[in-house]
Each structure stands twice: as C-alpha cells, then as structure tokens.
Amino acid sequence: MGKFTGYLICTDCDGTLTYEPGKVSEENAQAIRYFQQEGGVFTLATGRFPDHAELFQDKIQMNAPMVSLNGTLLYDTGKKQLIEKWGTPTASFYEVLSYVQENYPDIWDFWLNGEYDNGTFGSVGYNPSEHQNKAKSLKETLEVFPREMLKMVIAAPADVISKLQPDLKHKFGTRFRFDTSWPEGLEMQRADSGKGIAVRYLKNHLDQEIHTTIGIGDFENDITLLEYADIGYAVSNAIDSVKKIADRQTVSNREHALAAVIEEIERGIQNG
C-alpha cells in the first residue's frame, strides 16, 4: 500500500489541469505519476468527449474511467468501454431548443452531443440562422441521435447567455441543468447529472476502496464536482461562485495546480 491508497483525484481540464488548451506542465505530470505510484487513483472530468484524453497521453495516464460530457458519460478510455451514462430522450431536448430558437434570435450555434443508433457517441452542430435559409431543420438534426441526447452547448454572445440562463432555469430547471463553462457557452444536461454525480458513482463502484475523493475545478460546470467530492478545490483563477463553494483554494492553472494539491494532500497525511 502506498501513501495515497484510497484517494481519488478527479480534475477539470481546461483552466485547471492545463495551462493552455491541451497542454499539461511537466510539474503537474510528474506529480500525477507520483500520486499514482503511491497508490492514488487519478482521472479527468471534462465537458469534452473521451478522446480528449489523447491530448495528454504522452504525459499522464488515467487509472480510473474518465468523466466526460460534464458527467453525462463515464467511459473507460483504456478498454474503450462505456461504464455509465445519464441521457435524455431526444424529444425533451427539442422542446427546450425550439424555445431558445424562437425567443433568442442572436444565438450563434447549438452543439448537440448524443448517442448514435450504433451505440457510439458524437457531436452535431446546428446554426439557427442557416435554418432560416431552409437548411436542415432542428428536428431533423436531433434525429441524428435516435437513442438519446447527453449534453448540448448553446453558443451566443455573453450578454445573451446572461439573460438566457436564468430564463431556461426558470422554465425547465426541474428537468435540466444549465451551467456555463465559459462566458459565451451555456451547457444543458439532465438535472440529476453532473461531474460530481459521476465521481460519486466512481467512488461507489470502483474495484478498489476509495475513502477520499478530491475534485478540482474553475468554472460553473465544475460546481457539482466540488460539491460531491470529499474535498473540493478551486484554482485561484476560478470564478467567484466556484471559490465560494470550494473547501479549499489552490494556485492557478498556470502555477501547476495539480502538483500543489498533491503536495498539500501529502503534507496532510504526514501530519496525521
């Protein structure tokens, strides 16, 4: 048994693990490898698809399933195997997106993430302005995913997102989450899903005992991760709402935040 046996770290990628998109510092990579060598379990929690992990595979390897699409998909990237998912019938997404399209003409794009009929997962883009020119309709676009939808991103100017988010929460918040992951992006998914829900599932279902989960993040779609983790860390570049709910705060993503967190955990173990 190593000093980190029983600990699971689940970190957001952009703005937390990486110092720029797809780039992990050598300091973070070394700390993660040390954490794993001493018995720790490490994985990623991202709004992206599982193949996003390929960007980091030359520096870090996960030894637990990856939390993908904001916690609507839990996927073992090594075995290429679905572990669990939190999906929604496509018709339910259509109801919400039709409302958005009818009432918010300044929307740039919808990015729809779902499960194809053959059991694989993918993304389809839809531009509302093109629809006005008789391009493929929203309903036809959604039908690409006959099984179910997992997550959707609405891209729009930041001032539009700031009005759209509370409106959608008021009208559809009992069924869906509406979280921002950057100022111009609003993400929609099942109300009972999220990065934190997926990490709790991991804690209860991994084939090794986990006594402490550690979540690290920076933006609104990381809030459930920090809430459900036994210890939730906000990086110093996190938005205020994330810092407010975090148990602890660490350095910024440009100052090797993962290395700092692992060092702090180690000090805590040594001090009993």
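Scope of the values below: all heavy atoms of this structure, side chains included, with no hydrogens, waters or symmetry mates.
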Once you round to the nearest 0.5 Å, how far does NZ of K169 lie from CG of L186? 8.5 Å
Tell me if the centroids of the rings in F121 and F49 come within less than 6.0 Å of each other. no
Would you say the side-chain atoms of Y75 and E84 include a donor-acceptor pair closer than 3.5 Å? no
Whether K59 side chain and V24 backbone form a donor-acceptor pair below 3.5 Å: yes
Test of understanding: clusters of I, L, V, M, F, W, Y form through side-chain heavy atoms closer than 4.5 Å, transitively. Do F42 and M66 belong to the same one? yes
Are H256 and S25 linked by a side-chain donor-acceptor pair shorter than 3.5 Å? yes
Could you check whether E95 pairs with R175 (Lys NZ or Arg NE/NH1/NH2 to Asp/Glu carboxylate O, under 4.0 Å)? yes
With a 4.0 Å cut-off on N to O distance, would you call K171 and D167 a salt bridge? yes
Indicate, with yes or no, if F178 and F93 share a hydrophobic cluster defined by side-chain heavy-atom contacts under 4.5 Å among Ile, Leu, Val, Met, Phe, Trp and Tyr. yes
Any salt bridge between E143 and K139, counting N to O under 4.0 Å? no
State whether a side-chain donor-acceptor pair under 3.5 Å links N253 with T16. no
Can you tell me how far the CG atom of L258 sits from the CD1 atom of I9, to the nearest 0.5 Å? 6.5 Å
Would you say the side-chain atoms of T72 and N70 include a donor-acceptor pair closer than 3.5 Å? no
Option passing side chain to side chain contact (heavy atoms under 4.5 Å, CB included) with I214 (candidates I262, V261, L225): V261
Same cluster (ILVMFWY, side-chain, under 4.5 Å), Y201 and M62: no
Evaluate the side chain to side chain contact (heavy atoms under 4.5 Å, CB included) criterion for residues I216 and C10: first the C-alpha distance (whole Å), next the side-chain angles of each, then the deciding distance (0.1 Å), finally the verdict. CA-CA 7 Å; I216 314 169; C10 189; over 6 Å; no
Return yes if a side-chain donor-acceptor contact under 3.5 Å exists between T224 and E227, otherwise no. no
Looking at R190, K195, Q189, which one forms a side-chain hydrogen bond (donor to acceptor under 3.5 Å, both in side chains) with S193? Q189
Under a 3.5 Å cutoff, is there a donor and acceptor pairing between the side chains of T212 and D230? no
Side chain to side chain contact (heavy atoms under 4.5 Å, CB included) test vs V242 passes for just one of D218, V235, L226, N237, namely L226
Do other residues, nucleotides or ligands put more than 12 heavy atoms under 6.0 Å from the NE2 atom of H170? no
Treating D12 as the side-chain partner and T46 as the backbone partner, does any N or O pair qualify as donor plus acceptor under 3.5 Å? no
Identify the residue among N103, I107, D106 that makes a side chain to side chain contact (heavy atoms under 4.5 Å, CB included) with L164. I107
Checking F110 against L138 for the side chain to side chain contact (heavy atoms under 4.5 Å, CB included) test, could you report, in this order, the C-alpha distance in whole Å, the side-chain angles of both residues, the deciding distance, and whether it holds? CA-CA 9 Å; F110 298 134; L138 176 59; 4.2 Å; yes
Check ion pair K85-E148 (N to O, under 4.0 angstrom): yes
When you compare the side chains of Y233 and E264, does any donor N or O come within less than 3.5 Å of an acceptor on the partner? yes
Between E209 and K203, is the closest basic N to carboxylate O distance under 4.0 Å? no
